Amino acid sequence: MTHPAPPANPERRRLLRLGASVAAAALHAPGLTGQRPLRVRFSHVVSEDTPKGLVAQRLQALVLQRTEGRIDVEVYPDARLYGDRDEMEALHTGAIDMLAPSLSKFGRVGFPEFEVFDLPFLFDHLDAVHRVTQGAYGHRLLAGLHRLGLVGLGYFDNGFKHMSADRPLHEVADFRGLRVRVQGSRVIAAQMRALGARPVPLPFSATREALAKGIVQGTENPLSNFWTQGMHEVQPHLSLTRHGYLGYAVITSERFWSRLRPADRALLQTALSEAIAYGNRIAGAQQEKALTALRAWGGTTIHEPTARQRAELARVVEPVHAELGQRIGPDRIRELHRAIGA
Ligand code: SIN
């Protein structure tokens with residue numbers, strides 16, 4: 001079965017046109033500065049027509065326009081250059097300059113405090129996430145990236161995750177023994193184990209194939225990732241569990257960042273903040289678009305858990321919160337709840 005092309009995106013086309021015309025202008029006017037553009041290589045693992053893909057493109061277009069092509073943010077989507085296993089290393093060695101890993105991927109590189117974002121059934125709404133990411137709590141986490149020579153430039157959303165599998169997932173018992181692809185987050189793995197499932201950490205770019213081959217039987221994703229990866233073609237059941245959040249931190253290396261002129265750093269940071277604000281505005285619509293496409297496609301049965309079923313899932317995974325509290329300190333968890341306003 002072939003993967004239907006994701007629906008056309010007028011905003012993306014507009015941005016690409018804008019980027020292309022500015023890039024063309026830059027190419028044809030080398031005499032303006034007499035220098036080759038400064039390249040900022042931005043690598044990511046998802047498709048272009050996702051919140052992250054669109055944030056990267058918006059950044060590219062804004063920077064090209066404002067510098068008249070002097071700075072070129074080159075975007076490499078779909079793990080074309082680097083994937084989950086080697087992108088951090090590539091950032092450290094200077095092979096790339098910017099990344100936006102999911103917050104779930106910071107724990108395994110030494111920042112377990114980021115795994116608070118993986119806690120199941122923690123956030124009811126994206127506003128609650130933003131109270132954390134845009135407040136003192138979120139800023140402190142980004143500042144802490146300094147420990148590994150990284151600079152945290154900002155957060156943005158993908159959305160809420162849902163479970164999919166080769167079988168319907170209604171009740172906790174349905175998860176028993178299910179091999180589930182997870183990101184490399186101890187919180188997510190613990191959550192799957194609490195449900196009786198068997199977590200299998202795999203890079204994002206390997207997930208669809210692992211599902212197709214039956215190496216894993218289920219996974220969790222926001223709808224935009226599920227649809228644009230064609231996972232619906234290999235997952236006959238999707239349960240709209242909305243059990244967790246997936247978001248990103250944009251990072252660069254101190255080495256790269258400190259070499260930029262202060263004015264260029266400010267320009268990049270401003271453009272990124274605007275691209276992030278745009279991404280957060282469209283993230284919800286991207287999920288809706290994917291859900292509409294999935295319904296129209298019709299090959300995946302979409303289940304809506306009842307309030308009782310969802311409450312039971314939440315009850316079973318609740319101990320994962322205390323477990324993380326033991327690793328990062330119960331004060332951190334209390335502070336997190338204060339930030340959320342819960
Ligand atoms: C991403 O959205 O960057 C990928 C998340 C995942 O690995 O599931």
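Note that this is a predicted model, so its numbers are computed, not measured. As the structure lists them, so they are numbered: ligands from 1, and atoms in each ligand from 1.
One finds a salt bridge joining R140 and E335 here, because a Lys/Arg side-chain nitrogen approaches an Asp/Glu carboxylate oxygen to under 4.0 Å. Of the charged side-chain nitrogens involved, none lies within less than 4.0 Å of a carboxylate oxygen, so that R315 and E318 do not count as a salt-bridged pair.
Screening M231, K161, Q235 against N221 for a side chain to side chain contact (heavy atoms under 4.5 Å, CB included) leaves a single residue, M231. Of the residues listed (R327, R186, K105), the one engaging E115 in a salt bridge (charged side-chain N to carboxylate O under 4.0 Å, His left out) is R327, and it is the only one.
No part of H44 comes within 4.0 Å of ligand 1, judged by heavy-atom distances. Here T50 has no heavy atoms under 4.0 Å from ligand 1, in either its backbone or its side chain. Only the side chain of N225 comes within 4.0 Å of ligand 1, judged by heavy-atom distances.
Set against the non-hydrogen atoms of L246, the atoms of ligand 1 under 4.0 Å away are 2 (O). Using a 4.0 Å cut-off to heavy atoms of K52, the atoms of ligand 1 that qualify are 1 (C), 3 (O).
Any N or O atom pair closer than 3.5 Å counts here, and N221 shares no such pair with ligand 1. Between K105 and ligand 1, a contact under 3.5 Å exists for at least one N or O pair.
Within 6.0 Å of the CD atom in E254, the count of heavy atoms belonging to other residues, nucleotides or ligands exceeds 12. When the shell of 6.0 Å around NE2 of H146 is examined, it contains 12 or fewer heavy atoms from other residues, nucleotides or ligands.
Counting protein heavy atoms only, atom 6 (C) of ligand 1 is closest to F204 CD1, 3.3 Å. Protein heavy atom nearest atom 2 (O) of ligand 1, with residue, atom name and distance: Y248 OH, 2.5 Å.
T228 and D49 form no side-chain donor-acceptor contact under 3.5 Å, judged by distance and modelled atom types alone.
Looking at R181, E220, Q229 and measuring to atom 8 (O) of ligand 1, the nearest heavy atom belongs to R181.
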